[in-house]
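As structure tokens, the structure follows; a few thoughts come after it.
Order of the sequence lines fixes the chain letters, A, B, ..., with proteins taken first and strands second; residue numbering starts at 1 for each chain.
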Amino acid sequence: MKPPRFDYHDPETVPEVVGLLKTLPNARMLAGGQSLMPMLNMRLALPDHLVDLNRVEGLAYIRETGGALEIGAMTRQRDIEFSQLVLERCPVMHEAILQVGHRQTRNRGTLGGSLCQLDPSAELVAVAAALEATIAVAGPKGTREIPFSGFPKTYMTPAIGPDELLTRVRFPLWPRPHGWAFVEFARRHGDFAVVSAAALLEEDRGKIKRASVTLGGVAAAPVRMKEVEKALVGQTASDALFRDACEACRKIEAMQDVHAPASYRQHLAAVLSRRALERAHARIGAAKMSS
Amino acid sequence: MSETRNIAVTVNGKRYERSVDVRLTLADFLRGPLGLTGTHLGCEHGVCGACTILVDGQSARSCLMLAVQANGHEIATVEGLAPSAERLHPLQEAFRDNHGLQCGFCTPGMLMTLVEFLRDHPNPTEGEVRVAISGNLCRCTGYQGIVAAALDAAGRMRKGG
């Protein structure tokens, strides 16, 4: 359980990182290390070069700009958890991050690391899908932006070239007040979710104006339940509406692994998406009462 | 030949300068070259929490950091908790008094996790304590004694320990 041999690089600027990635064969970037370090210790990853991003300047920030939250790739999950801006403007991310690992892992783990690792159950990946985030990557030809829908290439593989690095994620904000919820089922607190569900709701005079329902942990990448969203828009929120709409989640093609068979994931998908919607709807009411 | 780097790290207030293999984990650096074997290694892949230390005051799993990454940073380990050879830290006293340990393997990680937690949450509920130690595995106690110790320690520390 010791990392394999590699050459270590600790650049201080994004162009330096891009330059290294362009020239070094079989290089891996080290962000918070909460996924790559276990893979190195277990020798599941065998890079010849490790490019440590922890000394790169200007990649850790959280700011609101143009109706969106912009978060730097090396922003620690801890800083997202304790950000007043995230809590006030993007509460679904706050609720999600409390379910990411533990204090010790959130202190080190980063947003960019989680998105690039692209674990099917990762909470921040589901939040990026729910909010239709845009991901900025820097490479030899400059910076390009990838809509989240085109970000997962395949299982745990983002659509980023070997000479590119994720620098920033832009999360469009929902108007105030909106409803939000992030719920998940895991075997133990802090474990990867078997299934997670994120819900966002905007209502106008009692009718649902806009809805976002996302399932994590069921497929290789988070699934936006467009069918459920369509069934909700224009309707008056009720327990029956949510229950009936979420039945569509039982039909999705789900993964099976040692943690749960596909049928159990389909069941959880229907139950958790309904719970998330109920909680999101209740929060719109609560926000209106307090304002 | 594997690459080496010179690093300067402060551990429990004492500065160390060493040349390290770049693939050496921080946990192995503490236990090997520095001889600080109080930090325990259980799973070596970030699950058990036994190797928890503080990096610049924040808890981290030392098996998931490279020693070279600690260059220029301040590390706190279990060896630095007790204020003197005769006196224990109030959290350590509470662990002793509440049967917060049996075999002791998870204890350094539990203590370092709880030191940070009680600093940030001086008056926690039982539920908050349980969430705080959810990243630390104990196979002996069933956690009851550890939770009791944490709550007892919080009271002692509020009184000035």
Need one label for [X]: side chain, backbone, both or neither, based on atoms under 4.5 Å from any heavy atom in chain A.
{"X": "B:D56", "result": "neither"}
{"X": "B:M112", "result": "neither"}
{"X": "B:S134", "result": "both"}
{"X": "B:R130", "result": "neither"}
{"X": "B:V68", "result": "both"}
{"X": "B:E116", "result": "side chain"}

For [X], is it the side chain, the backbone, both, or neither that has a heavy atom closer than 4.5 Å to a heavy atom of chain B?
{"X": "A:N107", "result": "both"}
{"X": "A:R108", "result": "side chain"}
{"X": "A:R106", "result": "neither"}
{"X": "A:R188", "result": "neither"}

Going by distance alone, is a donor N or O of one side chain under 3.5 Å from an acceptor N or O of the other, for A:D52 and B:Q69?
yes

Name the orientation class of the two ring planes belonging to A:H102 and A:H189 (parallel below 30°, tilted from 30 to 60°, perpendicular beyond 60°).
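Rings of A:H102 and A:H189: tilted, 30 to 60°.
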
Ionic contact status for [Y] with [X], cut-off 4.0 Å:
{"X": "A:K22", "Y": "A:D163", "value": "no"}
{"X": "A:E95", "Y": "A:R279", "value": "yes"}
{"X": "B:R96", "Y": "B:D152", "value": "no"}

Looking at B:T4, is its backbone amide N or carbonyl O close enough to the side chain of B:D21 to form a donor-acceptor pair, meaning the two atoms are under 3.5 Å apart?
no

Nearest 0.5 angstrom please: A:E70 CD to A:R63 CZ, how far?
5.0 Å

With respect to chain A, which residue among B:I53, B:V47, B:T113 yields the maximal number of heavy-atom pairs within a distance under 4.5 Å?
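Ranked by contacts with chain A, first place is B:T113.
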
Closest-packed option against chain A by number of heavy-atom pairs under 4.5 Å, given B:L41, B:L64, B:V22
B:L64

What donor-acceptor contacts under 3.5 angstrom involve side-chain atoms of residues 27-42 of chain A, with partners at least two apart or in another chain?
unit_1, atom_1, unit_2, atom_2, d
A:Q34, NE2, A:G32, O, 3.1
A:N41, ND2, B:E44, O, 2.7
A:N41, ND2, B:C63, O, 3.1

